[in-house]
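Both backbone and side-chain heavy atoms feed into the values below; hydrogens, waters and symmetry mates do not. What you see is a predicted model; the values in this text were computed from it and never measured. We name chains A, B, ... by the order of the sequence lines, and we start the count at 1 in each one.
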Amino acid sequence: MADYNPQQLDTKWQQRWRESRAFEVEADPSRPKFYTLEMFAYPSGHAHVGHVRNYIIGDVVARTKRMRGYNVLHPFGWDAFGLPAENAAIKGGIHPETSTLANIAHMKGQLQRLGISYAWEREFATCLPEYYQFNQWIFLKMLERDLAYRKRSTVNWCPSCQTVLANEQVIDGACWRCGSVVIARDLEQWFFRITAYADELLKGLDTLPAWPDKVLVMQRNWIGRSEGARVAFDGIEVFTTRIDTIFGATFVLVAPEHPLVARLVAESRNPEGLRAEVARFTAQDRLARQSGEVEKEGVFTGREVTNPFTGQPVPVWIANFVLGEYGTGAVMGVPAHDQRDFEFARKYKLPITVVVRPEDGPSPEAASLTEAAVSYGVLVQSGPYDGMRSDEAKRALTSEVEARGIGQGSVQYRLKDWGISRQRYWGTPIPVIHCEKDGVVPVPYEDLPVTLPRVTQFTGRGDSPLAQVPEFVNVTCPRCGGPARRETDTMDTFVDSSWYFLRFCDPRNDRLPFDPAKAAYWMPVDFYSGGVEHAILHLLYSRFFTRVLRDIGLVRFDEPFTRLLTQGMVLKDGAVMSKSKGNVVDPDEMLQRYGADALRLYVMFVAPPEKEVEWSDTGLEGSYRFLARVWRLVDHWAESVRQGPKAAPASGIGDAERAVRRKTHDTIRRATVDIEERIHLNTVVSALMELVNELYAYSERSPLGAPAMRGSDGGAAVPQASTSPAARFVMREAIDALVLMLSPFAPHTCEELWQHLGHPESLAAAGWPEFDADLARADELVIPVQVNGKLRGRLTVPADISDDRLKDLALSDEAVQAHIAGKAVRKVIVAKGRLVSVVVQ
RNA sequence: GCGAAAGUGGCGGAACUGGCAGACGCGCCGGACUUAGGAUCCGGUAGCCGAAAGGCUAUGGGGGUUCAAGUCCCCCCUUUCGCACCA
């Protein structure tokens with residue numbers, strides 16, 4: 001066979017796979033399915049090795065599962081709407097669709113050159129109406145169920161460019177393009193009621209044992225459930241998780257955005273001054289998001305309300321640190337037991353009352369506190385509740401509040417409803433029409449899709465770009481037939497990615513997002529991999545959409561992704577690769593130098609998939625060398641192996657041959673567990689390397705000799721006939737297994753070698769090698785012997801030795817004797833098949 | 001501040017349920033083959049002492065449990081990531 005020429009193999013096998021539609025699949029209920037998915041890509045233009053790592057991880061899993069007999073769905077597509085394409089259009093004048101489709105074509109080529117085994121016939125891009133019409137369909141369904149609704153909300157607005165800015169376009173409070181100070185502006189916007197599922201989304205996390213803890217924790221925190229109570233202080237309802245401290249509430253704080261603020265200001269003695277303060281707080285709040293710390297400030301309204309437990313009047317303040325959108329937008333101020341309230345009270349000289357003392361100590365003196373006492377304890381100065389423990393008091397006080405009709409137990413979530421309106425062009429048009437007479441009218445289903453018009457001028461100025469297209473905006477009302485305006489906002493691109501994994505089950509359906517029967521077969525996704533940056537939003541939204549689609553009746557499960565892997569980034573020169581830093585490693589350049597398989601193998605070998613790694617050129621070269629080494633080994637033995645017996649011969653299998661079989665089967669065991677259960681792909685590769693090393697050693701001692709050194713002379717002629725049937729058999733078994741197990745990592749090389757070994761069928765059809773526990777078992781073991789915890793000797797013994805015999809051998813061992821001579825043996829511990837531990841004196 | 005994860009040779013990393021720490025690879029050193037080789041094959045490579053046999057010390061630091069700890073428990077340090085006034 002010729003020298004190893006990977007580039008040629010890449011082309012050859014990629015073409016064969018395409019021609020034979022090797023990775024295309026259909027739902028087949030008679031076969032077990034496996035759905036493996038990598039997060040689809042934003043078509044930025046070029047994939048670098050950091051992106052590509054994830055696709056290779058998924059491909060190793062997909063190819064392995066195929067060999068294990070599963071019907072494997074492994075699709076790919078494009079998350080094709082989004083801001084960068086629109087910004088490029090504003091800067092360079094290229095239409096987003098043109099640049100996006102060109103980028104997709106290029107990146108698809110890159111993935112194909114890597115030999116990723118995608119079912120390309122299922123590919124789609126979210127920016128085309130065939131896909132986004134179902135964003136609109138789902139939106140309308142959600143509208144019917146009151147899961148989509150409209151409310152006024154604040155956006156970033158650049159007064160100079162006259163446009164809405166995304167958060168990423170606001171840099172230090174200023175417009176990314178012109179540098180003007182960004183202001184807040186209220187617009188009517190669309191929201192998805194994800195909070196309706198808050199509790200279910202939280203509980204569902206407990207059903208995901210194969211998700212990384214880190215992600216589960218992040219989602220839990222993001223949903224942020226807290227139990228407490230709502231209590232009315234006269235007309236102002238507050239939310240608290242510490243109702244046990246209510247006797248210490250000496251003031252009430254409301255957020256600047258609180259609906260009562262307007263009235264409080266108007267009725268105050270100094271409406272003008274107050275209004276100015278409130279305006280200042282509101283503006284501050286926006287900047288605070290960027291700059292971090294803002295001093296706690298407040299302003300007294302002149303109003304007082306009654307603490308429902310002490311009966312004392314307490315002042316009402318407007319405070320800049322109270323959040324309008326959380327709880328009731330108002331809180332009770334308990335300075336003795338809340339750090340923020342404490343600082344506030346000290347600053348404005350408000351009274352501090354201690355109402356909880358530590359269980360094992362006296363009540364602290366209010367005047368001597370240097371910080372709030374936030375721990376639970378026993379109630380004091382709390383009327384009938386004195387002496388009660390905090391946790392009991394919470395229950396008792398909540399009951400009383402409910403009995404008196406002034407409040408109730410309440411659960412609050414940090415999670416907010418999902419604002420999906422974007423004042424942007426490059427996204428899915430929101431399918432509603434505004435009629436003066438009928439109000440908000442949904443676009444009828446039969447009128448879908450609402451197609452994105454082809455805007456040609458991108459100035460980046462004005463409102464939503466769609467508002468400047470009269471043919472798009474001016475429509476007749478579907479209800480009354482009168483003149484109406486089309487909604488000109490588009491949807492957040494996270495909508496696109498919240499259900500795309502379902503679309504892959506049935507990507508060409510033009511009636512429904514997907515056929516429920518097909519989704520029932522393929523879903524849920526068995527193995528999902530992608531970057532941690534999606535740990536919260538994308539994964540939470542997808543879990544939300546899955547539940548919505550379940551309630552609509554399209555799917556019957558709750559959780560879309562059974563197992564999740566968050567892959568680590570690839571760094572170059574210690575930094576994340578990015579175009580602007582100029583440190584990207586282009587996979588195509590590596591392909592030209594070493595071929596697809598060396599790159600694939602290296603990326604899998606360098607570290608476990610979750611870990612961040614530093615790119616190394618020499619490491620890649622090492623992987624290339626390994627593949628060439630396998631190539632030479634297989635070629636060296638191919639003829640002998642092809643002519644060798646298919647079953648173990650009755651005689652001629654000596655110690656050396658048994659050792660080869662043992663190594664072969666032990667490698668099969670390790671590789672199978674590491675790929676399928678642990679997903680430690682790096683150790684699979686090292687196990688295969690060990691096997692190759694052992695086969696080289698065996699080879700060297702065999703009549704055939706070590707694989708020839710290939711140089712200018714092409715190596716020596718090899719006397720194939722001189723190898724024994726036993727040698728041929730064990731090498732056949734070993735080399736077959738090696739090529740099969742290496743193939744998910746290095747498919748092009750292995751397909752070629754497999755063929756060279758005389759197998760007519762493809763690798764996928766060949767199946768994964770079978771593990772035989774008897775053959776993997778060693779007949780001799782090396783048992784270390786410790787004396788007082790230190791290694792003192794090694795015993796080579798038969799594997800089936802008894803504990804007693806092992807103990808005797810250990811004690812009589814020369815090296816061990818030297819350390820126990822003259823000392824009393826107190827204890828001997830034999831760990832079955834592992835070690836002997838002797839304790840003396 | 002709160003929460004999570006991680007600290008192992010010159011480097012990337014192994015070590016499954018506590019049981020020979022450093023597999024495998026990179027790098028480096030040596031040998032073979034060579035006109036030559038940065039190709040290939042073979043060998044060596046944690047540190048310290050020692051000619052060697054061997055011994056001692058080592059998994060961020062300090063304690064502990066155990067015959068035995070990288071692994072389990074407690075305290076501390078460092079790094080990375082996430083949330084950051086959520087009442």
Side-chain angles (χ1 to χ4, degrees), chain A residues 212-218 220-222 224-226 228 238-242 245 253 288-289 292-294 296 319-323 325-328 330-334 337-341 343 374 412-416 532-533 535-536 602 605-608 610-614 616-623 625-626 628-629 632 669-670 673-674 677-678 680 682-690 692-693 696-697 699-700 705-713 715 782-791 793-794 815 818 826-829 831-840:
Chain A
D213 286 342
K214 180 192 170 92
V215 175
L216 294 174
V217 167
M218 282 166 73
R220 234 168 244 133
N221 292 342
W222 188 260
R225 183 180 198 273
S226 50
V238 303
F239 174 72
T240 177
T241 54
R242 289 298 302 273
T245 65
L253 301 173
R289 289 255 180 279
E293 278 300 306
V294 168
K296 287 177 188 47
N320 65 346
F321 63 93
V322 178
L323 303 171
E325 69 277 20
Y326 185 77
T328 60
V331 298
M332 61 183 198
V334 186
H337 306 292
D338 180 281
Q339 185 57 27
R340 294 154 298 182
D341 297 345
E343 288 166 27
V374 297
Q412 286 297 320
Y413 296 94
R414 194 181 156 281
L415 181 69
K416 289 179 223 153
V532 247
E533 65 274 20
I536 298 177
Y602 165 67
F605 177 58
V606 67
E610 297 84 351
K611 252 196 106 140
E612 202 167 74
V613 296
E614 172 72 28
S616 138
D617 283 334
T618 50
L620 174 57
E621 231 173 274
S623 293
R625 277 203 293 268
F626 172 70
R629 192 167 150 86
R632 284 189 298 271
R669 180 186 60 79
R670 286 169 64 187
V673 171
D674 281 0
E677 288 163 36
R678 305 204 304 155
H680 278 201
N682 54 329
T683 54
V684 177
V685 179
S686 48
L688 295 175
M689 286 172 168
E690 281 183 47
V692 169
N693 289 345
Y696 263 78
S699 209
E700 200 187 6
M709 292 176 279
R710 278 195 185 271
S712 47
D713 59 353
V782 176
I783 304 286
V785 182
Q786 293 181 344
V787 177
N788 283 354
K790 293 212 162 122
L791 179 69
R794 287 193 174 84
R826 279 179 34 188
K827 207 178 190 184
V828 180
I829 292 142
K832 194 103 200 129
R834 289 179 180 276
L835 155 147
V836 179
S837 183
V838 181
V839 189
V840 292

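For the P atoms, the distance from A69(B) to A52(B) is 30 Å, rounded to whole Å. Separating the P atom of A14(B) from that of U65(B) is a span of 32 Å, rounded to the nearest Å. Comparing the same atom, C1', in U80(B) and in C29(B) gives a spacing of 36 Å after rounding to whole Å. To the nearest whole angstrom, the two C1' atoms, one in A21(B) and one in G9(B), are 11 Å apart. Nucleotides C26(B) and A32(B) are separated by 23 Å at their C1' atoms, to the nearest Å.
For G9(B), the base is syn relative to its sugar; the glycosidic angle is within 90° of 0.
Remark: S686(A) is not in phosphate contact with G13(B), judged by side-chain N or O atoms under 4.0 Å from OP1 or OP2. Phosphate proximity of A14(B) to N682(A): present, with a side-chain N or O under 4.0 Å from OP1 or OP2. Between R629(A) and the phosphate of C41(B), there is a side-chain N or O to OP1/OP2 separation shorter than 4.0 Å. Between C86(B) and Y413(A), no contact under 4.0 Å exists linking OP1 or OP2 to a side-chain N or O. In this structure, Y326(A) reaches the A87(B) phosphate: one of its side-chain N or O atoms is under 4.0 Å from OP1 or OP2. Side-chain N/O atoms of R220(A) include none lying less than 4.0 angstrom from OP1 or OP2 on G3(B). Here K214(A) does not reach the OP1 or OP2 of A5(B): none of its side-chain N or O atoms lies under 4.0 Å away. Residue K790(A) places at least one side-chain N or O under 4.0 Å from the OP1 or OP2 atom of U57(B).
Scanning atom types as modelled, one donor and one acceptor separated by under 3.5 angstrom connect the side chain of R834(A) and the base of U17(B). Judged by atom type and distance alone, T618(A) does not reach the base of C26(B) through any side-chain donor-acceptor pair under 3.5 Å. Below the 3.5 angstrom threshold, one finds a donor paired with an acceptor across the side chain of R340(A) and the base of A87(B). For C20(B), its base sits under 3.5 Å from the side chain of R794(A) at one donor and acceptor pair at least.
Within 6.0 Å of atom CZ in R220(A), more than 12 heavy atoms from other residues, nucleotides or ligands are found, so the atom counts as buried in its surroundings.
Within the 4.0 angstrom heavy-atom criterion, only backbone atoms of the sugar-phosphate kind lie near G622(A); the bases stay farther away. Nucleic acid contact for N693(A): sugar-phosphate only, since backbone atoms but no base atoms lie under 4.0 Å from a heavy atom of the residue. Using a 4.0 Å heavy-atom distance criterion, P212(A) is classed as making no nucleic acid contact. Using a 4.0 Å heavy-atom cutoff across all strands shown, E612(A) reaches sugar-phosphate atoms only and no base atom. No engagement by S616(A) is indicated, since no non-hydrogen atom pair under 4.0 Å with the nucleic acid exists.
Listed for the N788(A) side chain is a donor-acceptor partner under 3.5 Å among the backbone atoms of V840(A). Judged purely by atom type and a 3.5 angstrom limit, Y602(A) uses its side chain to pair as donor or acceptor with the backbone of S616(A).
Counting only heavy atoms from C-beta on, K611(A) has its side chain closest to G13(B) among A87(B), A15(B), G13(B). Taking every side-chain heavy atom of L835(A) into account, C20(B) is the closest of G82(B), C20(B), C83(B). The nucleotide whose nearest atom lies closest to any side-chain atom of F605(A) is, among G12(B), C56(B), C20(B), G12(B). Side chain of V322(A), nearest nucleotide from A87(B), C16(B), G3(B): A87(B). Closest to the side chain of E700(A), out of C42(B), C85(B), U40(B), is C42(B). The side chain of V782(A) approaches C20(B) more closely than any other nucleotide in the set C86(B), G25(B), C20(B).
Atom CZ of R625(A) and atom CD of E621(A) lie 6.0 Å apart (nearest 0.5 Å). How far CZ of R414(A) is from CD of E325(A): 10.0 Å, rounded to the nearest 0.5 Å.
Between K827(A) atom NZ and U66(B) atom P there is a gap of 10 Å when expressed in whole angstrom units. Distance R625(A) CZ to U40(B) P: 6 Å, rounded to the nearest Å. Rounded to whole Å, the distance from CG on L216(A) to C1' on G82(B) is 14 Å. In this structure, I536(A) atom CD1 and A4(B) atom C1' are separated by 12 Å, rounded to whole Å. Between the P atom of A84(B) and the CG atom of N221(A) lies a distance of 10 Å, rounded to the nearest Å. Q786(A) places its CD atom 7 Å from the P atom of A21(B), with the value rounded to the nearest Å.
A cation-pi contact links R629(A) to Y696(A), judged by a cut-off of 6.0 Å to the six-membered ring centre and 45° from its axis.
A heavy-atom distance below 4.5 Å is found between the side chains of R670(A) and E690(A).
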Stepwise, does the side-chain contact (heavy atoms from CB on, under 4.5 Å) test hold for T241(A) with Q412(A)?
-> CA-CA 9 Å; T241(A) 54; Q412(A) 286 297 320; over 6 Å; no
RNA chain B in dot-bracket, Watson-Crick or G-U pairs under 3.5 Å, [ ] crossing, | other strand?
-> (((((((..(((......[....)))((((((.......))))))((((....))))..(((((..]....))))))))))))....
